[in-house]
Amino acid sequence: MTDFSRYINSNIFRVVADQAQIMGLETYVVGGYVRDLILERPSKDIDFVTIGDGIELAKKVAKSLNPKTNVNVFKNFGTAQFNYKGCDLEFVGARKESYSRDSRKPLVESGTIVDDQNRRDFTINAMAISLNLNNFGELIDPFDGRVHLKEKLIKTPLDPEITFDDDPLRMMRAIRFASQLNFRIDDTTFDAISK
């Protein structure tokens with residue numbers, strides 16, 4: 001099944017989709033929320049990626065859900081976050097990231113949904129669900145994250161040495177996910193961690 005529309009049929013997703021459409025922005029639910037949805041694990045953290053201004057979308061969504069909502073803006077990273085009815089909603093514009101050798105802080109440029117999925121840590125976190133009118137609810141899974149969930153496998157979407165070189169904290173995340181989910185780490189990914 002690649003149609004997840006019935007799983008994102010709540011008020012939060014409808015409001016995000018409506019506001020994104022009004023603003024003319026492609027928008028997706030991404031990352032851990034999608035992973036946990038497929039694993040049938042409860043999740044209160046919902047990440048949205050939009051092709052455009054994620055901060056402005058967050059402000060419009062917050063105002064539409066509850067005009068008194070306080071939106072936390074992290075301008076350097078182009079992200080915004082707020083809490084609504086116990087859910088932590090985070091919005092970001094799709095981006096490409098590049099890192100210098102001496103910092104975990106990335107240089108950020110605007111990008112596409114493909115760029116955003118390429119920069120994700122693991123295939124199981126690189127899936128997205130469309131909130132766009134033309135393909136609402138469609139699962140976008142370029143790295144077979146869904147297959148890796150079934151196989152209980154932790155694997156990077158791109159070359160693991162590059163993934164870990166960009167952000168070494170991802171090595172610890174691989175171990176944490178493997179432990180929490182009782183998954184195994186792909187051999188090439190594990191070798192890159194060892195290296």
Side-chain angles (χ1 to χ4, degrees), residues 4-39 41-99 103-122 124-140 145 166-167 169-170 173 176-177:
F4 280 73
S5 56
R6 68 183 175 152
Y7 296 104
I8 55 170
N9 193 27
S10 71
N11 186 47
I12 289 172
F13 298 110
R14 283 192 300 274
V15 168
V16 173
D18 290 347
Q19 290 302 317
Q21 186 177 353
I22 289 167
M23 295 174 71
L25 301 175
E26 271 182 56
T27 302
Y28 305 86
V29 183
V30 296
Y33 186 83
V34 178
R35 176 198 68 229
D36 288 344
L37 185 66
I38 294 168
L39 288 174
R41 291 177 44 171
S43 180
K44 296 286 188 178
D45 294 331
I46 309 172
D47 294 335
F48 299 95
V49 167
T50 191
I51 313 305
D53 190 340
I55 294 172
E56 197 54 38
L57 178 59
K59 289 177 181 177
K60 299 273 189 192
V61 170
K63 186 175 182 181
S64 183
L65 288 170
N66 178 354
K68 295 180 181 177
T69 299
N70 180 38
V71 177
N72 301 306
V73 174
F74 307 96
K75 202 155 183 83
N76 287 351
F77 298 103
T79 65
Q81 171 274 334
F82 64 89
N83 192 279
Y84 177 73
K85 292 189 174 180
C87 290
D88 187 36
L89 311 181
E90 187 166 324
F91 295 76
V92 65
R95 60 194 191 207
K96 295 188 253 187
E97 294 180 347
S98 55
Y99 293 80
S103 174
R104 278 195 62 241
K105 292 186 179 176
L107 298 167
V108 178
E109 301 174 58
S110 295
T112 64
I113 187 63
V114 172
D115 293 325
D116 190 83
Q117 289 175 300
N118 284 340
R119 73 170 189 78
R120 299 274 162 181
D121 53 5
F122 307 110
I124 62 171
N125 294 332
M127 296 178 285
I129 299 172
S130 173
L131 295 178
N132 305 301
L133 195 58
N134 63 330
N135 62 348
F136 186 87
E138 181 183 319
L139 179 69
I140 301 159
D166 283 349
D167 184 353
L169 185 59
R170 290 173 173 166
R173 286 173 56 84
R176 188 188 87 198
F177 282 128

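Treat the numbers as computed from the prediction; the structure is a model and nothing was measured.
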Please list every donor-acceptor pair under 3.5 Å in which a side-chain atom of residues 18-36 meets a protein atom from a residue at least two apart or in another chain.
| residue | atom | partner | partner atom | Å |
| --- | --- | --- | --- | --- |
| Glu26 | OE1 | Tyr28 | OH | 2.5 |
| Thr27 | OG1 | Leu25 | O | 3.4 |
| Thr27 | OG1 | Thr50 | OG1 | 2.9 |
| Arg35 | NH1 | Asn125 | OD1 | 2.5 |

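Of the inter-residue distances, the one linking Arg119 atom CZ with Asp116 atom CG reads 4.5 Å to the nearest 0.5 angstrom. Residue Arg170 holds its CZ atom at 11.5 Å from CZ of Phe177, rounded to the nearest 0.5 Å. Between the CG atom in Asp115 and the CG atom in Asn118 there is a gap of 6.5 Å [rounded to 0.5 Å]. Summarising the geometry, atom OG belonging to Ser5 is positioned 12.0 Å from atom CG belonging to Leu139; distances are rounded to the nearest 0.5 Å. Separation of atoms CZ (Phe82) and OG1 (Thr69) is listed at 6.0 Å; rounding is to 0.5 Å. Summarising the geometry, atom CD1 belonging to Ile55 is positioned 6.5 Å from atom OG1 belonging to Thr79; distances are rounded to the nearest 0.5 Å.
In terms of heavy atoms, Phe48 sits closest to Ile12 at CZ-CG2, 4.2 Å. Scanning both residues, Ile8 and Gly137, for their nearest heavy atoms gives CD1-CA, 3.9 Å. The two residues Gly145 and Met127 come nearest to each other via the heavy atoms C-SD, 3.8 Å.
Sorted by first then second residue, the salt bridge (charged side-chain N to carboxylate O under 4.0 Å, His left out) pairs that include residues 75-92, not counting sequence neighbours, number zero.
Put simply, the side chain of Asp47 does not reach to within 4.5 Å of the side chain of Val92, judged on heavy atoms. No side-chain heavy atom of Leu89 sits less than 4.5 Å from a side-chain heavy atom of Val16. Using a 4.5 Å heavy-atom threshold, the side chains of Ile124 and Leu39 count as separate.
Between the side chain of Asn132 and the backbone N or O of Asn134 there is no donor-acceptor pair closer than 3.5 Å. Although no hydrogens or angles enter the test, the distance criterion places no donor-acceptor pair under 3.5 Å between the side chain of Gln81 and the main chain of Asn72. Under the 3.5 Å distance criterion, the side-chain polar atoms of Asp53 are matched with a main-chain donor or acceptor of Glu56.
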